[in-house]
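Below: one structure, written as structure tokens.
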Amino acid sequence: KKIEAHVVRSHKHLRTNVAGPTIQTHSSNEVRTRKITEIEEASRDVPKESGETQTMNTLAAFLGIDIEEFYPSISQDLLNKALDFASNCDNITTEERNIIIHAKNSILIHKHIPWQKKGNATFDVTMGSYDGAETCELVGSFLLSQLQDLNINVGLYRDDGLAITNATPRDTENIKKEICRIFNSNGLRITIEANKQIINFLDVTFNLNRSTYQPFTKPNTSLQYVHRESNHPPITTKNIPAGINKRLSSLSSDKASFDQAAPPYQKALDESGYHYTLQYEPAKASKRKNRQRNNILWYNPPFSKNTSTNIG
């Protein structure tokens with residue numbers, strides 16, 4: 001049976017598509033763009049009753065999922081289930097499985113003294129490590145595979161999940177209960193919101209009432225950027241404003257959404273000495289260029305404005 005799931009992969013943004021026997025990974029920009037497209041399509045796909053003209057967002061609603069203490073809650077049994085699931089997509093040898101499990105036997109040492117963990121087991125999925133992030137994504141793929149028959153379009157990035165459905169509010173509440181049951185059966189606690197028309201997911205606010213999306217920042221967030229006159233390579237400081245403008249544009253559905261979100265970013269740039277005006281620039285389709293790799297080793301000395309000698 002075809003398996004369709006999503007798992008987000010990147011510094012702060014999803015997703016892995018599990019379809020059939022292969023697992024494909026995508027960059028954060030590709031994931032965000034695809035998720036936005038899926039939500040727009042789902043919101044348009046609303047059944048119309050005879051004699052009535054419904055707006056495209058009459059039934060579509062979001063479900064927001066937050067997994068509580070995801071990393072430390074991953075048990076060895078849950079990881080084994082996830083590895084069994086992954087074995088349907090790729091060959092995992094016994095040796096590889098043992099290495100993955102053995103890597104979870106971690107200890108914490110402070111000032112040459114090991115700390116005592118809760119319980120007697122040393123199994124632990126650590127945060128901040130590559131192994132922990134990969135384990136989290138593997139378990140996330142397994143969890144999403146169990147949600148595929150719930151009439152929802154769902155995605156997961158680490159411990160944050162987002163789903164959209166065209167079910168009725170009552171059916172959506174039943175879907176919510178089933179999601180809670182599935183996560184609880186795997187030893188995970190979640191906080192979930194259902195029947196939401198406006199929701200914040202990662203760094204984007206989705207609005208089904210207006211069919212828009214725009215950048216999201218948490219309340220009381222202080223935006224600060226490297227000052228234009230700081231001791232950094234000129235190419236670095238030069239690209240900061242343009243990079244911010246590009247990011248805000250990609251997270252905005254239209255100019256109005258961009259203009260609503262831009263003021264705090266513009267203020268932060270002004271305070272950092274940049275003479276740059278943020279303007280909405282719709283994303284342009286571009287083909288990715290494959291650079292030829294040459295066997296050349298480049299030496300880039302550390303940059304410092306205090307050094308006048310050209311040592312490069």
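Worth saying up front: this structure is predicted, and the values here are computed from it rather than measured.
Remark: His110 pairs with Trp115 by the ring pair (Phe, Tyr, Trp, His ring centres under 6.0 Å) rule, at least two apart or across chains. Legend: residues meeting side chain to side chain donor-acceptor pair (under 3.5 Å) with Glu271, ordered by chain and number and at least two apart, are absent.
Atom CG of Asn166 sits about 7.5 Å away from atom CG of Asn151, to the nearest 0.5 Å. Separation of atoms CD1 (Ile199) and CZ (Phe201) is listed at 9.0 Å; rounding is to 0.5 Å. For the atom pair Asn153 CG and Gln148 CD, the distance stands at 12.5 Å (nearest 0.5 Å). Note that the CD1 atom of Ile190 and the CZ atom of Arg181 stand 11.5 Å from one another [nearest 0.5 Å]. Annotation: the span from Asp171 atom CG to Ile152 atom CD1 amounts to 13.0 Å, rounded to 0.5 Å. Separation of atoms CD (Glu178) and CD (Gln146) is listed at 10.0 Å; rounding is to 0.5 Å.
Residues Val139 and Leu143 have side chains in contact (heavy-atom distance under 4.5 Å, counting atoms from C-beta outward). By the 4.5 Å heavy-atom criterion applied to side chains, Thr217 and Asp203 are not counted as neighbours. Ser252 has its side chain within reach of Pro215: a pair of non-hydrogen atoms, C-beta onward, lies under 4.5 Å apart. Under the 4.5 Å side-chain criterion, counting only non-hydrogen atoms from C-beta, Lys104 is in contact with Thr135. Looking at Phe123 and Ser106, their side chains never come closer than 4.5 Å, going by heavy atoms from C-beta outward. Two residues are said to be in side-chain contact when any heavy atoms from C-beta on lie closer than 4.5 Å; Ile109 and Ile107 meet this criterion. Using a 4.5 Å heavy-atom threshold, the side chains of Ile192 and Ile179 count as touching. Annotation: side chain of Ile198 is not in contact with side chain of Leu208 (no heavy-atom distance under 4.5 Å).
Ala167 and Ile175 get closest at one heavy-atom pair: CB-CD1, 4.2 Å. The two residues Leu162 and Phe206 have their closest heavy-atom pair at CD2-CE1, 3.8 Å. Closest of all the heavy-atom pairs between Glu229 and Lys305 is O-NZ, 3.4 Å. Between Ser87 and Ile92 the shortest heavy-atom distance is OG-CD1, 3.9 Å. Nearest heavy atom pair, residue Ser257 against residue Gln214, reads CB-CB, 3.8 Å. A pairwise comparison of heavy atoms in Ile182 and Leu147 identifies CD1-CD2, 3.6 Å as the closest pair.
In terms of modelled atom types and a separation under 3.5 Å, the side chain of Ser230 and the main chain of His227 share a donor-acceptor contact. Under a 3.5 Å cut-off, the side chain of Asn195 and the backbone N or O of Pro169 do form a donor-acceptor pair. With hydrogens and angles disregarded, a donor-acceptor distance shorter than 3.5 Å links the side chain of Asn245 to the backbone of Gln279. A donor-acceptor contact shorter than 3.5 Å links the side chain of Ser253 to the backbone of Tyr213.
Looking at Thr126 and Ser129, their side chains do bring a donor and an acceptor atom within 3.5 Å of each other. In the model, Thr122 has a side-chain atom that pairs as donor or acceptor with a side-chain atom of Asn105 under 3.5 Å. Side-chain contact annotation: Asp270 with Gln266, donor-acceptor N/O pair under 3.5 Å present.
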I'd like a table of donor-acceptor pairs (distance under 3.5 Å, sequence neighbours excluded) in which one partner is a side-chain atom from residues 78-85, with atom names and distances.
| unit_1 | atom_1 | unit_2 | atom_2 | d |
| --- | --- | --- | --- | --- |
| Asn80 | ND2 | Gln76 | O | 3.2 |
| Asp84 | OD1 | Arg97 | NH1 | 3.3 |
| Asp84 | OD1 | Arg97 | NH2 | 2.8 |

Extract all donor-acceptor atom pairs below 3.5 Å that involve side chains of residues 62-71 and protein atoms in other chains or at least two apart in sequence.
| unit_1 | atom_1 | unit_2 | atom_2 | d |
| --- | --- | --- | --- | --- |
| Glu68 | OE1 | Arg189 | NE | 3.3 |
| Glu68 | OE2 | Thr191 | OG1 | 2.8 |
| Tyr71 | OH | Arg158 | NE | 3.4 |

Begin from the C-alpha positions of Thr212 and Asp254 and carry the test side chain to side chain contact (heavy atoms under 4.5 Å, CB included) through to its verdict. CA-CA 8 Å; Thr212 61; Asp254 50 38; 3.8 Å; yes
Hey, mind stepping through Arg228 and His275 against side chain to side chain contact (heavy atoms under 4.5 Å, CB included) and telling me if it holds? CA-CA 9 Å; Arg228 186 172 66 91; His275 306 294; 3.7 Å; yes
Start with the C-alpha distance between Phe142 and Asn186, add both sets of side-chain angles, then the distance that settles side chain to side chain contact (heavy atoms under 4.5 Å, CB included), and finish with yes or no. CA-CA 10 Å; Phe142 168 66; Asn186 288 286; 3.5 Å; yes
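Grouped by direct or indirect side-chain proximity (heavy atoms under 4.5 Å, Ile/Leu/Val/Met/Phe/Trp/Tyr only), Val226 sits with Leu223, Tyr225, Ile240, Ile244, Leu248, Phe258, Tyr265, Leu269, Tyr274, Tyr276, Leu278, Tyr280. Members clustered with Trp298: Ile296, by chain and number, using a 4.5 Å side-chain heavy-atom cutoff among hydrophobic residues.
No more than 12 heavy-atom neighbours from other residues, nucleotides or ligands sit within 6.0 angstrom of NZ on Lys255.
Under 4.0 Å is where a charged nitrogen must lie from a carboxylate oxygen, and between Arg170 and Glu173 no such pair does.
Hydrophobic clustering places Leu188 together with Met127 (ILVMFWY residues linked when any side-chain heavy atoms are closer than 4.5 Å, directly or through intermediates). Cluster membership for Val204 and Phe216, using ILVMFWY side-chain heavy atoms within less than 4.5 angstrom, is not shared.
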